[in-house]
2 protein chains.
Amino acid sequence: MDRDADRPMYLRVADTLRRRIASGEFQEGDRLPSVPSLATDLGISRSTAAEALKVLISEGLAVARSGSGTYVRLPREPQRMIRAWHRATPYGSPFRQDMERQGREAGWTYKSQTIQAPPEIRDRLGLDEHGGDVEDVVRTDYVFLADGEPVMLSTSWEPLGVTRGTPIVLPEDGMLAGRGVAERMLSIGMPIDDWVEEVAARLGTAEECERLQHPPGSIMVTIQRTYYAGETQVETADIVVPADRFALVYSGKMGRASVSDKLSAGEGA
Amino acid sequence: MDRDADRPMYLRVADTLRRRIASGEFQEGDRLPSVPSLATDLGISRSTAAEALKVLISEGLAVARSGSGTYVRLPREPQRMIRAWHRATPYGSPFRQDMERQGREAGWTYKSQTIQAPPEIRDRLGLDEHGGDVEDVVRTDYVFLADGEPVMLSTSWEPLGVTRGTPIVLPEDGMLAGRGVAERMLSIGMPIDDWVEEVAARLGTAEECERLQHPPGSIMVTIQRTYYAGETQVETADIVVPADRFALVYSGKMGRASVSDKLSAGEGA
DNA sequence: TCGAATTTGTGCGTATGTATC
DNA sequence: GGATACATACGCACAAATTCG
C-alpha cells in the first residue's frame with residue numbers, strides 16, 4: 001500500500017478496522033466489509049484481507065458467519081459475580097442472588113447421576129484410594145441461565161458417604177431443590193463452615209464454547225470449589241464461566257486466618 | 001489424504017500432531033516437523049501444513065521461532081498463589097511468602113512516580129473528581145521475579161492524602177522497603193483491615209507478554225485489588241499473572257459477612 | 001421451490017523477505 | 001555464505017453456507 005510502517009500489511013489493515021470499530025463507525029452486530037470488497041478497496045489480495053479479519057476474530061472483536069459476512073461483536077463489560085459476601089447467609093442459591101442483584105432472571109438445567117468418583121475428585125473430596133467398583137458420589141451437571149441465556153457451567157460432586165439415606169441425596173430433588181448446597185447440607189446436620197476456591201483461566205473447550213454460545217477459543221475462568229463441614233469435604237465443584245461476561249469478586253478481613261490447614265491437602269499438583 | 005472424517009485437512013493434521021505430543025513422542029522443547037517436511041511427508045501443500053501448525057500455536061501447545069522451527073511448549077502445571085490465608089499475618093511481603101512456600105527465590109524490580117490519578121483509579125480510591133492539576137497518588141510499577149524469571153506484573157496506586165509527610169511515601173524506600181503494603185500502612189497508624197479483589201481474565205497485551213516472557217496472545221489473569229483501613233482506601237493495584245503459571249486460591253469461613261458495604265462502590269461498571 | 005449472487009472456508013500454487021544455524 | 005525455516009503476500013479454484021429475488 002502507501003507508506004510502510006514496517007508492520008505487515010494484514011496487521012495494518014486490522015489496525016484500521018479496529019480503529020473504525022472503536023470510533024463507532026461500526027456498531028455491535030454491524031457487518032464489516034467483506035473480504036472481496038476489502039481487497040478491491042485497499043488494493044490488496046483477498047488472502048491478505050482475510051488474514052486481517054482473522055486477527056479481529058481472534059481478538060474476539062468480530063465473528064465470521066460463513067456465507068453471510070463478518071460481524072462486529074463488541075466485548076460486553078463483564079458483570080461482577082460476588083463470591084464472598086453473599087455467604088453471610090447460607091440460605092438460597094448464590095447464583096440466583098447474584099443475578100437478582102443485576103436484575104436478571106436466574107434459571108438452570110441439570111442432570112444427576114450416581115457414579116464412582118474419578119481420582120482427581122477422590123483427592124478433592126478426601127475419599128479413599130478407591131472402593132473397588134462401588135458408586136460413591138452423586139455427580140450433577142448444571143447449565144446456569146440468565147434471562148434464558150446459558151452463562152455458566154458447573155459440575156458438582158457430593159460424596160454418598162455424607163448424603164446416603166438422607167432426603168437430599170439428589171441435589172435438585174425434594175423440598176430443598178434449587179436452594180443451594182449450603183442449605184441442603186445444613187438440613188442434614190452438616191453445616192458448611194469453610195470454603196476454598198481455586199481460580200484459573202484457560203481457553204474453553206469446543207464443547208464448553210458451544211454450550212455457552214461462545215465462539216470457539218473463548219477464554220474461560222474456571223473455579224474449583226470445595227465446601228467443608230468441619231474437617232469433612234461435603235461437596236466439590238468445577239465451575240466454568242466465560243471471561244468476557246464475569247469478573248469474580250472476593251473480599252475478606254485482614255488478620256483473620258481462614259482455613260489454612262485445608263489448603264495443604266491437594267497441594268501436590 | 002486417506003479417509004475423510006469430513007473435517008478439514010489442516011485440522012486433521014493438527015489433531016495428529018496433538019496426539020503425538022500427548023503420547024510423549026514430542027517432549028517439551030522438541031522441534032516439531034517443519035512446514036516443508038510436513039508437506040512432503042503427508043502429501044499436502046505447504047500452506048495447509050503451516051495452517052495446521054498455526055492451530056497448535058493458537059492453542060498454546062507450540063511456539064514458532066522464525067528461521068529455526070516450531071517447538072513444543074507444554075502447558076506447565078500452574079502453581080497455586082494463595083490470596084487469602086497469608087493475610088493471617090500482615091507482616092512481610094505476601095509474594096515472597098508464596099514463593100518461599102514453593103521453594104523459589106522471590107525478587108522484584110520497581111519504579112515509583114508521583115502523578116495525578118486517572119479517573120478509574122480515582123474511583124477505586126474514592127478520591128474527588130479531580131483536584132485541578134495536583135499530583136495526588138504515588139504510582140509504583142513492579143515486576144515480580146521467581147528465581148530471577150519475571151512471573152507477575154503489578155501497578156500500585158497509593159493516595160498521597162494518606163501517606164504524605166510520612167516515612168513511607170515511597171513504597172520501596174526507607175526502613176520498611178520490601179515489607180508489603182500492610183506493614184507499611186500499619187506503621188503510620190492506618191492498619192489495613194479489609195480487602196477486595198476482582199478477578200478476571202483476558203488476552204495479554206503485547207507489552208505484558210513481552211515483559212513476562214510469554215508468547216503474544218497468552219492468557220492473563222488480572223486482579224484489581226483494593227485495601228481498606230476502616231472506610232478509607234489506602235491502596236489499589238492492578239496485578240497481572242500468566243494463567244499458565246498461577247491459579248489463585250481464595251478461602252473463607254461461611255456465614256461471616258465480609259466487607260459487604262465496600263462492594264457497592266464502583267458497582268456501576 | 002428454485003436458482004443466482006455473495007461470502008466465508010479450505011486448499012492449492014508461487015514468490016520474497018528475514019531470522020537462525 | 002549457504003541452507004533451512006518461518007512470515008508475509010500474491011494468485012487461483014472450489015465447496016459450503018447464506019441471502020434474496
Side-chain angles (χ1 to χ4, degrees), chain A residues 1-17 26 29-73 206 209-210 213 215-217, chain B residues 1-17 26 29-73 206 209-210 213 215-217:
Chain A
M1 298 236 37
D2 315 325
R3 300 159 303 107
D4 210 33
D6 206 27
R7 237 169 114 66
M9 175 73 66
Y10 74 101
L11 288 181
R12 298 210 307 275
V13 175
D15 289 344
T16 307
L17 288 171
F26 297 114
D30 284 0
R31 214 190 71 170
L32 291 171
S34 72
V35 168
S37 72
L38 271 180
T40 57
D41 289 357
L42 303 180
I44 59 178
S45 76
R46 280 190 293 250
S47 328
T48 306
E51 203 70 28
L53 285 174
K54 271 189 200 165
V55 172
L56 296 192
I57 291 167
S58 80
E59 289 172 344
L61 276 174
V63 283
R65 278 198 286 156
S66 183
S68 174
T70 305
Y71 296 82
V72 174
R73 195 189 147 93
C209 292
E210 193 183 9
Q213 296 177 7
Chain B
M1 297 231 31
D2 314 323
R3 302 159 301 108
D4 208 33
D6 206 25
R7 244 167 104 67
M9 173 76 66
Y10 75 100
L11 287 181
R12 298 210 308 276
V13 175
D15 288 344
T16 307
L17 288 172
F26 297 113
D30 284 0
R31 212 189 71 170
L32 291 172
S34 70
V35 169
S37 72
L38 272 179
T40 57
D41 290 359
L42 303 180
I44 58 178
S45 76
R46 280 191 292 256
S47 327
T48 306
E51 204 71 26
L53 284 175
K54 272 189 201 167
V55 172
L56 296 191
I57 292 168
S58 79
E59 290 171 344
L61 276 174
V63 281
R65 278 199 285 155
S66 184
S68 172
T70 306
Y71 296 82
V72 175
R73 194 194 149 94
C209 292
E210 192 183 9
Q213 296 178 6

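Each chain gets a letter, A, B and so on, in the order the sequences are listed, and its residues count up from 1.
Here the shortest heavy-atom pairing between B:A49 and B:A39 reads CB-N, 4.1 Å. The minimum heavy-atom distance linking A:L53 with A:P33 is given by the pair CD1-O, 4.0 Å.
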Pairwise N/O distances under 3.5 Å, protein to nucleotides 3-9 of chain D:
from, atom 1, to, atom 2, distance (Å)
D:dC6, OP1, B:T70, OG1, 3.3
D:dC6, OP2, B:V35, N, 2.9
D:dT8, OP1, A:Y10, OH, 3.3
D:dT8, OP2, A:Y10, OH, 3.0
D:dA9, OP1, A:M9, N, 2.3
D:dA9, OP2, A:M9, N, 3.3
D:dA9, OP2, A:Y10, N, 3.1

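Rounded to a whole Å, the CD atom of A:E51 is 13 Å from the P atom of C:dT10. At whole-Å resolution of the value, CZ in A:R46 and P in C:dG13 are 18 Å apart.
For the side-chain contact (heavy atoms from CB on, under 4.5 Å) test, residues two or more places apart in sequence or in another chain that qualify with A:T16 are A:R19, A:R20. For A:T40, there are no side chain to side chain donor-acceptor pair (under 3.5 Å) partners at least two apart in sequence or on another chain.
Around atom CD of B:E59, more than 12 heavy atoms belonging to other residues, nucleotides or ligands sit under 6.0 Å away.
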